[in-house]
Number of protein chains: 2
Amino acid sequence: MSDLLERLRGRGWRMTAQRRVVAEVLDGEHVHLTADEVHARAVAKLPEISRATVYNTLGELVSLGEVLEVSTDQRAKRYDPNAHQPHHHLVCAQCGAIRDVHPVGNPLKDLPDSERFGFTVSDVEVTYRGVCPNCAAA
Amino acid sequence: MSDLLERLRGRGWRMTAQRRVVAEVLDGEHVHLTADEVHARAVAKLPEISRATVYNTLGELVSLGEVLEVSTDQRAKRYDPNAHQPHHHLVCAQCGAIRDVHPVGNPLKDLPDSERFGFTVSDVEVTYRGVCPNCAAA
DNA sequence: CCCGGCGAATAGACATTGTCTAAAGCAAGC
DNA sequence: GCTTGCTTTAGACAATGTCTATTCGCCGGG
């Protein structure tokens with residue numbers, strides 16, 4: 001969204017064609033892409049963009065809190081543009097499809113002090129695993 | 001534990017020095033080692049053990065349900081010998097230390113049907129993140 | 001409107017983690 | 001002690017990510 005580009009410009013981002021393209025890719029489809037998938041789509045719009053730039057830009061977007069990094073499998077990190085609404089993930093164990101979900105309740109409350117071992121717990125990440133309708137049908 | 005070796009033998013495992021060493025490493029310290037850490041400790045006991053064997057053996061132990069694979073960061077997988085009691089993890093965002101924790105409540109119940117998108121949800125993995133006492137003191 | 005400084009992009013080497021293969025080794029039953 | 005075929009081995013390969021030195025080009029000052 002140009003919203004995103006505006007916010008970034010406001011934070012002193014130097015605007016370049018490459019960064020614009022990466023932002024467009026993330027904004028265009030609300031899915032969970034890997035860095036290399038982002039790169040592939042960026043290349044389609046701007047053939048000379050390099051892999052390092054995509055990685056750098058994604059890293060910056062994560063630091064700025066505009067995009068979330070999620071690791072639902074232990075292969076590639078995925079990037080979730082839905083950073084402004086807290087949510088968790090539901091992953092198909094067979095095809096890897098990912099859906100954003102919003103469980104009720106607050107799992108942070110479910111961790112008693114006696115189970116915190118002196119840690120300052122600030123965040124919790126919940127990943128549900130199962131089989132999606134497509135894979136169940138097959 | 002020889003318990004573990006007995007169970008494995010009972011399942012038709014051919015017993016080799018390499019497998020014994022990997023089992024000993026996992027059993028010796030109840031921590032969460034990466035595959036390469038397991039390999040390093042295995043080499044200390046059996047210098048000629050190869051990396052592939054450690055990876056293979058770990059994979060077999062996981063398939064047999066004797067060890068759990070956990071991915072608390074998106075770097076290396078870690079192996080948790082505490083496979084027979086369900087639990088979740090608390091990770092230090094700074095040093096990466098991992099503790100097993102047992103939250104109250106069942107997060108599976110917190111996911112309403114309307115948020116399941118037709119998936120058959122079978123499992124949930126909860127990772128708490130925070131700062132451990134050591135890192136907080138530093 | 002043009003320049004120059006410095007932030008950003010590039011290509012490609014490098015690092016880490018994990019997988020695969022073909023050949024040699026060895027556990028276990030006979 | 002043989003034989004069988006499961007295991008191990010070394011190293012190549014693959015996937016993902018990081019780093020570096022160099023070149024590029026955005027944008028504020030003139």
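We name chains A, B, ... by the order of the sequence lines, and we start the count at 1 in each one. Source: prediction; values computed, not measured.
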Atom CZ of A/Arg78 and atom C1' of D/dG17 are separated, to the nearest Å, by 15 Å
B/Trp13 CH2 to D/dG5 P: how many Å, rounded? 21 Å
Name the nucleic acid region contacted by B/Thr16, choosing base, sugar-phosphate or nothing; use a 4.0 angstrom heavy-atom cut-off, strictly under. sugar-phosphate
Would you kindly give the CD1-to-C1' distance between A/Ile49 and C/dA11, to the nearest whole Å? 14 Å
Rounded to whole Å, how long is the line connecting atom NZ of A/Lys77 with atom P of D/dA15? 18 Å
So does B/Arg14 get a side-chain nitrogen or oxygen closer than 4.0 Å to the phosphate oxygens (OP1/OP2) of D/dT8? no
Any side-chain heavy atom of A/Val124 sitting closer than 4.5 Å to one from B/Tyr128? yes
Measuring from the side chain of B/Asn56 (C-beta onward, heavy atoms only), which nucleotide among C/dT17, C/dA11, D/dT9 has the closest atom? D/dT9
Between B/Ala52 and A/Thr53, whichever has its closest DNA chain C nucleotide further toward 5' is A/Thr53
With a 4.0 Å cutoff (strictly under), does any side-chain N or O of B/Arg75 reach OP1 or OP2 of C/dT16? no
Using only side-chain N and O atoms of B/Tyr55, determine if any of them is under 4.0 Å from OP1 or OP2 of C/dG18. yes
Taking atom P of D/dT7 as reference, at what distance in whole Å does atom CG of B/Leu58 sit? 15 Å
For the pair A/Arg11 and A/Glu60, find out whether any cationic side-chain nitrogen is under 4.0 Å from an anionic carboxylate oxygen. no
Would you kindly confirm whether B/Val121 and A/Val101 end up in one hydrophobic cluster when ILVMFWY residues are joined by side chain heavy atoms under 4.5 Å apart? yes
Using OP1 and OP2 only, check whether a side-chain N or O of A/Gln18 sits under 4.0 Å from D/dC24. no
Just checking A/Arg51: base, sugar-phosphate only, or nothing, at a heavy-atom cut-off of under 4.0 Å? base
Atom-pair distance (CE on A/Met15; P on C/dA8), nearest Å: 10 Å
Given B/His89, which partner from the list B/Thr127, B/Asp80, B/Thr72 fulfils the side chain to side chain donor-acceptor pair (under 3.5 Å) test? B/Asp80
When the distance from CG of A/Leu46 to P of D/dC24 is rounded to whole Å, what number comes out? 16 Å
Side-chain contact, heavy-atom cut-off 4.5 Å: B/His87 with B/Leu68? yes
Does a nitrogen or oxygen in the side chain of B/Ser50 sit under 4.0 Å from OP1 or OP2 of D/dT8? no
Rounded off to whole Å, could you give me the CD-to-C1' distance for the A/Glu48 and C/dG12 pair? 17 Å
Identify whether any heavy atom of B/Ala76 sits under 4.0 Å from a base atom; if not, whether one sits that close to sugar-phosphate; answer base, sugar-phosphate or nothing. sugar-phosphate
